[in-house]
Amino acid sequence: MSKDSESSRLRDERLKKLQTLREQGIQPYPYKFERTHQNKDLQEKYKDLANETETQDVVKVCGRVMNERNTWMFVDLYDDSGKIQLFCHKENLDKDKLQTLKLFDKGDIIGATGTIRRTKAGELSVKVTDFELLCKSLQPLPDSWSGFTDVEARYRHRYVDLIINPEVRDTLRKRSLAIRTIRNFLDSRGFLEIETPTLQVEAGGADARPFVTHHNTLDLELYLRIATELHLKRLVVGGFERVYEIGRIFRNEGISTRHNPEFTMLEMYCAYGDYKDLMDFTEEMLLQCATSVCGTSDLVYQGQVLNFKQPFKRIRMVDAIKEVTGKDVESMKTFDEVKACATEIGVRLDGEKTRGEVINTIFEEKVEHTLIQPTFIIDYPVEISPLTKAHRDRPGEVERFELMVAGRELANGYSELTDPLDQRARLEEQARKKAAGDVEAMPLDLDFILAMEYGMPPTMGIGIGIDRLVMLLTDSASIRDVIAFPTMKPHKEEKPEQSV
RNA sequence: GGAUCAUUAGCUCAACGGUAGAGCAGUUGCCUCUUAAGCAAUUGGUUCUGGGUUCGAAUCCCGGAUGAUCCA
């Protein structure tokens, strides 16, 4: 049954051609093609070949037909590496072949054999002596001139987006390169990559709401992890002094240009260092990412230049607040004082119950978005940092930093809390908050505390949002642009019709 | 959660409340030529969805869906 729409009519045209091809004994979905070169290889190899000259070098190329001119005399063929033009002159092809050519469509994938020639217009071409269909495409491609710009359609049908928009492919390549750079950086420093559980009985390690799922055989509620922290630290207890994981994290929160429910985070733990060492380490790693992906330490992001040269500015949270608001919250020793200060400068509070929470809210509301150049905000309030070691000099604070870039958080690191009794007290406080209705408070993970009691060396540890890093490296405004298949609300059932 | 905007042919977009249109794609020819190839002809619409106002709605009003941006 076919819908009376343009869409199915275009598809029907192609189905008819598919049928004709089959009747002519042509297999439209063959098994393999042995090419001799990728298109980019040929462009490089023959970059000095003069116009209107040809070689006797026989090559075999393949890819998707993106455009055709003069009734298939000229074909723009794209593979993963780039473009080559096919030159299908009737002198070089018999009548049957020329007829077959007319059954092809833009979007089909074909393979061609021929000699290399540069046309008088200067286009490097394969002068085709033979070709074969490698896949008949049934769907019309968006018009390549006007493009494929509907954002929703692009995310929902990312494969079309990838075919049409080269910058999407480029972004995902850079994402891969950034992750590879980080792995190389860590591996070359003796780090071990270890995978920890995604399904967890308790979702801890961060303040976030988890996704809930169910294991049938065990009849057990399980949570998707919101962090890898508590398991990676168990590995440090077990004797791995340098571990990391680059893994998918799930947080049951809203969707925005900076948030996707599932995202990728690097967590890294290194024994015998503190948060100051960690800042040096982080600077070096990010600089390496910038230079390897962008070839420079100066990233252009949404019209601003971000300088990733070391060292980044380091400033205490209370000092950053003072710089922006003029308020010395450090001197305000009580909850009521900082609360009054927040109200005075127009910061809306939403259930904050401690002095440290209010200070953090003031920072997030007033300061965070002003921090464009890479900046380490250091020395956080203890109340919002239940896994961080107490500051060696400043009571009420912890040895923690967040790295701010382009007005948002990119990384979060600290001297890890290793005192099992302090850790127990902190998590018990979290459990009280949870019992009182705070859905983002951490659960009391008794096995984690038991691990701490066996003893963990002094350790520095950091989490870096890979998606946000890739946004910076690729000048992407939305996190969805750096995720191949971002989370979308289902629209309506869309699937190809049944074949006639 | 709130505000604003968007949704029309396969794609990109038009259309004062008055016959739904263009370019590209598609189809049929011509042209052995090209670079968004060209020329001629031609097909194609539940205007996101459901109500309402109106003689008449793509257009105005209300609800819904999806998305974008901003705010919280």
Side-chain angles (χ1 to χ4, degrees), chain A residues 2-17 20 43 51-52 65-78 82-95 97-98 101-108 117-128 137-161 163-165 253-260 302 342 346-352 361 364-366 368-369 407-408 476-481 486-494 496-497:
Chain A
S2 87
K3 224 173 22 168
D4 184 24
S5 71
E6 174 72 354
S7 162
S8 66
R9 294 179 35 147
L10 293 171
R11 184 167 177 273
D12 287 346
E13 292 281 358
R14 292 183 176 221
L15 283 171
K16 261 190 338 207
K17 291 176 185 169
T20 308
Q43 297 287 0
N51 291 2
E52 277 192 278
V65 174
M66 294 303 289
N67 199 10
E68 152 271 321
R69 288 176 291 282
N70 186 32
T71 329
W72 294 86
M73 186 174 177
F74 300 101
V75 175
D76 290 340
L77 192 72
Y78 281 78
K83 172 191 164 186
I84 191 99
Q85 176 173 267
L86 303 183
F87 177 57
C88 303
H89 199 279
K90 64 181 175 187
E91 283 174 7
N92 301 310
L93 294 163
D94 63 39
K95 226 169 212 156
K97 279 285 181 184
L98 287 167
L101 211 44
K102 290 186 177 170
L103 295 170
F104 289 179
D105 285 289
K106 290 171 192 176
D108 288 356
R117 153 193 180 83
R118 193 177 291 280
T119 66
K120 75 176 164 198
E123 190 74 43
L124 189 71
S125 307
V126 174
K127 189 166 144 189
V128 176
S137 164
L138 299 181
Q139 296 289 339
L141 288 175
D143 154 30
S144 61
W145 179 243
S146 49
F148 185 48
T149 60
D150 182 273
V151 188
E152 181 177 356
R154 287 181 45 217
Y155 293 146
R156 286 189 194 280
H157 305 289
R158 188 65 111 170
Y159 36 89
V160 183
D161 197 19
I163 292 169
I164 297 295
N165 295 317
E253 296 166 348
I255 295 177
S256 77
T257 49
R258 298 173 199 186
H259 300 87
N260 197 65
Q302 306 291 294
V347 171
R348 285 240 304 260
L349 298 180
D350 180 32
E352 287 80 351
T361 301
E364 286 178 351
E365 295 287 316
K366 290 289 172 184
E368 191 169 303
H369 67 272
R408 54 190 79 158
S476 299
S478 170
I479 195 169
R480 295 184 149 193
D481 293 326
T487 304
M488 299 291 283
K489 201 165 175 178
H491 199 211
K492 57 187 172 189
E493 204 172 342
E494 290 184 77
E497 294 162 57

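Numbered from 1 within each chain, the chains take letters A, B, ... in sequence-line order. All heavy atoms count here, side chains included; hydrogens, waters and symmetry mates do not.
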Separation between the C1' atoms of B:rU4 and B:rG10, rounded to whole Å: 30 Å
Atom-to-atom span, NZ of A:K127 to C1' of B:rU32 - whole angstrom: 13 Å
Atom pairs under 3.5 Å: protein N/O with N/O of nucleotides 26-29 of chain B:
{"unit_1": "B:rU27", "atom_1": "OP1", "unit_2": "A:K17", "atom_2": "NZ", "d": "2.4"}

Show each protein N/O and nucleotides 4-6 of chain B N/O combination with a separation under 3.5 Å, one pair to a line.
none

Pair A:E68 + A:K102, salt bridge at N-O below 4.0 Å: no
Which nucleotide in B:rA37, B:rU12, B:rC24 has an atom nearest any side-chain atom of A:T149: B:rU12
Distances for protein N/O vs nucleotides 70-72 of chain B N/O pairs under 3.5 angstrom?
{"unit_1": "B:rA72", "atom_1": "O3'", "unit_2": "A:R348", "atom_2": "NH2", "d": "2.9"}

Intra- and interstrand pairs of RNA chain B - dot-bracket, Watson-Crick/G-U under 3.5 Å, | marks other strand: (((((((..((((....[..)))).(((((.......))))).....(((((..]....)))))))))))).
Partners meeting salt bridge (charged side-chain N to carboxylate O under 4.0 Å, His left out) with A:R258 (sequence neighbours left out): none
Pairing residues for A:F87 by the ring-ring contact (aromatic ring centres under 6.0 Å, His included) criterion, not counting sequence neighbours: A:F74, A:H89
base_contact_polar (B:rC31 base, A:T71 side chain, donor-acceptor, <3.5 Å): yes
Separation of atom CD1 in A:I255 from atom P in B:rG67, rounded to whole Å: 8 Å
Pairwise C1' distance for B:rG26 and B:rG44, with rounding to whole Å: 9 Å
Interatomic distance at C1', B:rG45 relative to B:rU19, whole Å: 14 Å
Touch class at under 4.0 angstrom, heavy-atom based, for A:R480 against every strand present: sugar-phosphate
